[in-house]
Amino acid sequence: MAMTAQLKLDDKEYSLPVIVGTEGEKALDTRKLRADTGYIAYDQGYGNTGSCESAITYLDGENGILRHRGYPIEQLAQHSNFVETAYLVIYGELPTVEQRKVFSGRLRQHAAIEPQMQAIFQGYPKDAPPMAMLSSIVASLAAHYPQLATNDFEKDLANFDLAAAMAISKIRTIGAMLYRYQNGLPYVPPKDIPFCDNLLHMMFSELYQDYVVAPEVTRALNTLLLLHADHEQNCSTSTVRMVGSSAANLFTSLSAGICALSGPLHGGANTAVMHMLQSIHDEHDDGTRFIAAAKSGSKSSRLMGFGHAVYKNFDPRAKIIGQACDDVLTKLGINDPLLAIAKNLEQAALKDDYFLSRKLYPNVDFYSGIIMRALGIPVNMFTIIFAIGRAPGWIANWREVAANPKGRIYRPRQVYAGPVKRDYRPIAQRG
Ligand code: SDX
């Protein structure tokens, strides 16, 4: 017997169907609420509202659980790598040897950025915000590959495999090119080498003759990108679904996701964490003064990298990144004072009732910046790295929207809070 919820409104009783997910999550199906009752549900920021049924990622914020297509993030971080996890997130299964060979081959085949697209970079100031450049240059992929970006779901899905591989590979290359452009270095073309090695090669090979990537560096970058691959209906992923629901092509929808990710409350937090740690270090604070300020509740003095809209327990990714941080700094023989400050902040906050009572724990951004700094990645590139990692999740969600035969354009309602009806007055009568 299907579950229902009873709603009593204006002396009438309504029965709302209940949807139960494969992990036992329950939702009130309010799709007919307005038609049946004249009421809408109100949920500012959609924190209690499901916009879709999705089979990609399961997240249990209370218990700190994160799984991609059923596989726990801890197992993927230990046994998989970014390219394999990207395939899993997009196609729903871990690839066979042949599938992985084809997917990896496409990523390598489409890694380069054609000269006509390279010319776009010259139109930007050298100090332009990297995420602003990334979003606009990714949007231009639709102009350069119109056959993959027809804004017709059926045609775009028919070319999805190629468009998806191109998007993942070229977002990575554009990211590397941004670094070189902003540092006055020439574009380094990709080599026929693994995904993460290629990113580091295209960013840093000028600095090191025959740049050889240390295996622990590649491993750390793989883990970092893998941990960012998807994260349920976060702000940027919901943006990609929203834009994709209008039948906008994959590249255009990804560009919108990049714009959403650029905000400091979302993907920009890893950058904000490093600025926070650096300022604590420069003020010769061990974090004590900063923690006191962070408890003031003002948005401007928040403990960046702490708290999460969904996790009210440890972000499982933060635990994995924290461990990877220790490993890679030890292996590289790096003694970063910011790591010590981060650990002080974490230990102090996890004993402080202000944070515990609000269930504020370290999130994915708290330690990720320290790893990226150890790999030589500058702070203004941190959110670019996040975007490179998140591309598979955005792509998988766009595909769910495009392939949904019952899908419809996203069009939330509102509660109007403006002036009631009033008549126009000529300017002479406005005082
Ligand atoms: C990401 O959604 C995703 O999945 C995102 C992400 C992904 O992979 O896509 O996980 C990536 O965006 C991680 C989050 C990165 N952002 C930060 O680290 C920025 C710092 N964190 C906060 O701004 C905040 O915690 C949010 C935005 C992440 C979540 O905000 P919520 O859940 O809406 O919490 P809130 O703003 O309603 O605050 C609740 C209370 C408030 O205090 P009171 O009004 O109850 O007194 O907690 C306080 C807030 O002042 N609070 C903090 C705090 N975060 C919340 N106080 C100090 N430091 C903080 N970081």
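One-based numbering, in listed order, for ligands and for the atoms of each.
Within 4.0 Å of ligand 1, counting heavy atoms only, the contacting residues are H231, N234, L265, H266, A269, A294, G297, R302, L303, M304, G305, F306, G307, H308, A309, K312, R317, Y354, R358, L360, N363, D365, F386, R390.
Around atom CD of E114, more than 12 heavy atoms belonging to other residues, nucleotides or ligands sit under 6.0 Å away.
Judged by distance alone, the side chains of Y367 and E346 do bring a donor and an acceptor atom under 3.5 Å apart. Using a 3.5 Å distance cut-off with no hydrogens or angles, the side chains of R172 and S169 do pair a donor with an acceptor. A donor and an acceptor atom, one from each side chain of S135 and S255, are nowhere located under 3.5 Å apart.
Put simply, the side chain of D156 gets close to the backbone of N151: a donor and an acceptor are under 3.5 Å apart.
Ring planes of W398 and F160: parallel class, angle under 30° (limits at 30 and 60°).
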